[in-house]
Each structure stands twice: as C-alpha cells, then as structure tokens.
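Here's the structure, in structure tokens; my notes come after.
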Amino acid sequence: MPELPEVETIARGLAERVTGDVIESVWLGQKKEPLKSAAQEIAVTLERSRIAAVRRMGKHIVFDLEKDGEARTHLSAQSRNKHGVNDSHVSQKRREVGHPTLAGRSARATPDRAQWIVHLGMTGRLQIATPEAEIEKHTHAILKLVSGRELRFVDPRRFGRLSVARSADFDAGGFEPLEIDVDRFIELFRGRKTPIKSALLNQKLLRGVGNIYADESLFRAGIRPRRRAATITREQLVKLHSSVKEVLREAIALGGSSISDYVDADGEEGFFQLQHRVYGREGEPCLVCKTPIKRVVISGRSSHYCPKCQK
DNA sequence: ACTATTTCCTGGATGC
DNA sequence: TGCATCCAGGAAATAG
C-alpha cells in the first residue's frame, strides 16, 4: 500500500525515466472510478504535453506538464472534433500538420502549464512498458510517449484516482510531514479529541502518513494509538514529530515497504518492511521488551502497538 | 466545526 | 477441489 515513502520512491524513479518526454496520445479505459476529472479533460490536457517534472505531494504523484503554442493550435483543433476518449490516439499526420506562425508563437511565448495528478490508492501502479508488452488486466490508462514507450496506470481495486489541474495548481492539503516544523506540528493536534492515530492519518493535517508509518511512528514515540490527541503532552509531541520524520526518512532510504505487491517504478521491491517494529507483528514479541504486540481497530484501521512500551 | 461510520473495490487467505 | 466469506485500507460520502 503506497504511503509517502513508497510514493516518493516511485516518483523519483519515474522522474528519472520520463522527465522531458512528451505525451503523444492517451487511452483511458471504460471504468469510471479511477477518473476524478472528466475523461475528455484528462486526455486533452495530457496529449502533446511535455513532462517537465515528476514529484510527490503527500501520497499524490504530480506530473508537471508544459504545452507550447504549436501544441495548443492542434489541441483546439482536436477539441472541436469532439473525439471520444477511446479514439483519442492522435494520428501521426495530424501531428505534422502546419507550423505556428511567428505571430502565434510570440503571442504565446509562455508554455501552458498543467498538472497530471495520480493517486495510487491501495493497488495502483504506474508502469513503463514497450508497446508490445502485454496489457495487464485492470489497466485503466495508457499514455503513449514520443520516446516510443508507454506509461500505463494499472489498478485492480480501483481505489486509485487520476485527475488534472489546469487553472490553479493542485492543492494536496495538509503539511508535508518531512517539512513541518515542531511548533506547527504540535499545533495540529491541539484541542482534538480524536485518537492520535486517526489524526496522523488525516491528510488535511499531515499529508502522506498512512497506516504503516502511523503505527511505526507511534511506537517510536512511545504513544498508544488510541490516546486522544489533545491529551498528549508537549514533550511527547516533540518526540512524535521527530519519530514521524525519522521513520519516513529511513523508509525512503530503503525504497519503502513491500507489503503485498508494492514495487517501485523499476519493479523493485522496497525493504523497509524488514524494519517494522509493530505493523503486522500482532502476537509477536516487542523488539524492546518482549511483550506480545497488540492489534486493535481504530476508525476501521488495524493498529499495532506494544502495551508496555506505549502509554 | 469536528468526529465517527460507512462505502467503494478485487484478490488472496481462510474455512468448511 | 470448490465455493463462500472475510479482510486489507485511503478517502469521499454520509451521519451524528
């Protein structure tokens, strides 16, 4: 399940491989769940755009896109044609038609900017493939790249989401856990009656922390997941602030946690699952005190902790 | 304004 | 072996 460290790993891998490439055409599947923006809007925004950068925001992967004046000329021609999404593979010849006039180019010297936002949900994957490679079941989007490769979005459980941001930059909400300072961090939890575990999972507060890293952070900070956020001392929150950052940094360094079928952009597994101290260790001895690790459900999520080390 | 619960999804694991 | 049931969980929707 991709959380911040896994998404960071994937985004870095993709950045290495597709930055500078141009999206030639887009195919989107029939299933509607994976599409948060309208299919046509996604296709039109992506087609003929250059991938200027790939980065992570919370658990989202953000592709920064640029479209020059020439591309826009073709784009508007295509929009008028009202092609169905599944016909949106753009033919070679149309790509070569015409040249922008000098006037047209100077009038639009700044490239159009947009963003393609991908949330992987539970089982989403972005794979780089050759056109010959077999199309996997549950493939919901295929981007043909000018380099000749394809970028494919595969997601069996369809919890993942694709969207585009055009008029304004994408707002992922919340603070980046690796950037927030300790005072702001403490402020996030003031007056909150919700269990600290739930607060850590709330993306409007911190973006990117998921179930694994919430449990691991709370263990390192010695705080039980059910503790009401507002009752936690300043001192403990200072500890939690550093624990969250420590866990995330270590996980990123190891390429994330491969729990079920998570692999990075190169198909490589991460290794942080070997460092888990509580997550997935119900009944096993605490690595510090040997007390069996407990598992409880908090707001529908399994939560693991050591009843002796965490108060 | 908050907080808690339900819902969406499929595949793998489990049980009989 | 086959078939039904359960479980994983992020975030939006719904309810309180």
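Numbered from 1 within each chain, the chains take letters A, B, ... in sequence-line order.
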Checking only heavy atoms, does the side chain of A:Arg157 share a donor-acceptor pair with the base of C:dA8 at less than 3.5 Å? yes

According to a strict under-4.0 Å criterion, is [X] in side-chain N/O contact with OP1 or OP2 of [N]?
| X | N | value |
| --- | --- | --- |
| A:Tyr213 | C:dG9 | no |
| A:His119 | C:dG10 | no |
| A:Lys36 | C:dA11 | no |

Heavy atoms only, 4.0 Å cut-off, all strands: where does A:Ser198 land among base, sugar-phosphate and nothing? nothing

At under 4.0 Å between heavy atoms, what does A:Arg190 touch on the DNA or RNA strands: base, sugar-phosphate, or nothing?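 Since no nucleic acid heavy atom lies under 4.0 Å of A:Arg190, the category is nothing.
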
Hey, can you tell me if A:His140 and A:Phe153 have their rings parallel, tilted or perpendicular (30° and 60° cut-offs)?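 The arrangement is tilted - the two ring planes meet at 30° to 60°.
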
In terms of the angle between their ring planes, are A:Tyr213 and A:His276 parallel, tilted or perpendicular, with boundaries placed at 30° and 60°?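 Rings of A:Tyr213 and A:His276: perpendicular, over 60°.
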
Run the salt-bridge test on [X] and [Y] with the 4.0 Å N-O cut-off and return the result as yes or no.
| X | Y | value |
| --- | --- | --- |
| A:Asp181 | A:Arg184 | yes |
| A:Glu41 | A:Lys36 | no |
| A:Lys144 | A:Glu150 | yes |

Rounded to the nearest Å, what distance is computed from the [atom1] atom of residue [X] to the [atom2] atom of nucleotide [N]?
| X | N | atom1 | atom2 | result |
| --- | --- | --- | --- | --- |
| A:Leu205 | C:dA11 | CG | P | 12 Å |
| A:Ile117 | C:dG10 | CD1 | C1' | 17 Å |
| A:His60 | C:dA12 | NE2 | C1' | 12 Å |
| A:Phe159 | C:dA8 | CZ | C1' | 9 Å |
| A:Ile212 | C:dG10 | CD1 | P | 8 Å |
| A:Asp215 | C:dA8 | CG | P | 12 Å |
| A:Arg207 | C:dA11 | CZ | P | 12 Å |
| A:Arg161 | C:dA12 | CZ | C1' | 9 Å |

Toward the 5' end of DNA chain C, which comes first, A:Lys204 or A:Asn211, by nearest nucleotide? A:Asn211

Difference in axis direction between the ends of the helix from B:dC2-C:dG16 to B:dC16-C:dG2, five pairs, 10°: 50°

At what distance, to the nearest 0.5 angstrom, does CG of A:Asp21 lie from CZ of A:Arg50? 10.0 Å

Mind checking which nucleotides bracket the chain A contacts on DNA chain B, 5' to 3', with an atom under 4.0 Å from a heavy atom? B:dT3 to B:dG11

Residues clustering with A:Ile298 (ILVMFWY side chains joined when closer than 4.5 Å, directly or via others):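 Members other than A:Ile298 - counting any ILVMFWY side chain reachable under 4.5 Å - are A:Val296, A:Tyr305.
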
Between A:Arg227 and A:Gln236, is any side-chain donor less than 3.5 angstrom from a side-chain acceptor? yes

Are A:Ser299 and A:Ser198 close enough that a side-chain donor and a side-chain acceptor fall under 3.5 Å?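 Yes, A:Ser198 and A:Ser299 have a side-chain donor paired with an acceptor closer than 3.5 Å.
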
Which atom pair, heavy atoms only, marks the closest approach of A:Gln310 to A:Ile223? NE2-O, 2.8 Å

